[in-house]
Amino acid sequence: MNWLMMLAALSGALAVGAGAFGAHGASGQAAEWLRTGGQYQLIHAVAVLVALRLDARGPAWLFLAGSAVFAGTLYLMAMGAPRWLGAITPIGGTLLIAGWLWLAWMAARG
């Protein structure tokens, strides 16, 4: 079983659901958090699939972990969790950036 591909597909599905809920079932700041989280999560679900195609499993794992932390904290706050979780959100963003930099480094190496 290809765990990364399965997790990327599930991440994509969750992103679409969060974005739809943000557009139709939430309002105010919660809607913004859901849309932002959904957008980043969906982009990085696709990035995982591309990274797998390029045999770049390390960056793929960083994309999954980063989007889980980044989007997950936004989703939790949208559902009423304490706002201090927003202090954790940038950790997810840092993991996403690290994944992109690792992928760039792999490309530069050939």
Say whether W100 and V48 are linked into one hydrophobic cluster, either directly or through other cluster members, by side-chain heavy-atom distances under 4.5 angstrom. yes
Under a plain distance cut-off of 3.5 Å, with no hydrogens placed, do Q41 and S11 share a side-chain donor-acceptor pair? yes
Write down the atom of M77, the atom of T89, and the distance for their closest heavy-atom approach. CE-OG1, 4.5 Å
Working note: I91 + T73, criterion side chain to side chain contact (heavy atoms under 4.5 Å, CB included); need CA distance, chi angles, decisive distance, verdict. CA-CA 10 Å; I91 295 169; T73 55; over 6 Å; no
Answer yes if V50 and L4 sit in the same cluster of Ile, Leu, Val, Met, Phe, Trp and Tyr residues linked by side chain heavy atoms under 4.5 Å apart, and no otherwise. yes
For A71 and G37, which heavy atoms make the closest approach, and how far apart are they? CB-O, 3.5 Å
I'd like to check the side-chain contact (heavy atoms from CB on, under 4.5 Å) partners of L7; sequence neighbours left out, ordered by chain and number. W61, L64
Exercise: identify the closest heavy-atom pair between G66 and L95: CA-CB, 3.6 Å
With sequence neighbours left out, which residue pairs that include part of residues 74-97 fulfil the ring pair (Phe, Tyr, Trp, His ring centres under 6.0 Å) condition? none
Which heavy atom of G92 sits nearest to which heavy atom of V69, and what is that distance? N-CG1, 3.5 Å
Answer with yes or no whether the hydrophobic clustering places I97 together with L62; edges join I, L, V, M, F, W, Y residues whose side-chain heavy atoms lie under 4.5 Å apart. no
Any residue meeting ring-ring contact (aromatic ring centres under 6.0 Å, His included) with Y40, in chain and number order, not counting sequence neighbours: F70
From CH2 (W33) to CZ (R83), nearest 0.5 Å: 3.5 Å
Indicate if L14 and M6 have the same hydrophobic cluster label, given that clusters are the connected sets of ILVMFWY residues with side-chain heavy-atom separations under 4.5 angstrom. no
Indicate, with yes or no, if I43 and V46 share a hydrophobic cluster defined by side-chain heavy-atom contacts under 4.5 Å among Ile, Leu, Val, Met, Phe, Trp and Tyr. no
Taking every non-hydrogen atom, the tightest pair across H44 and F63: CD2-CD2, 3.7 Å
Shortest non-hydrogen contact between A18 and L34, atoms and distance: O-CB, 3.5 Å
M79 atom CE, neighbour heavy-atom count above 12 within 6.0 Å: yes
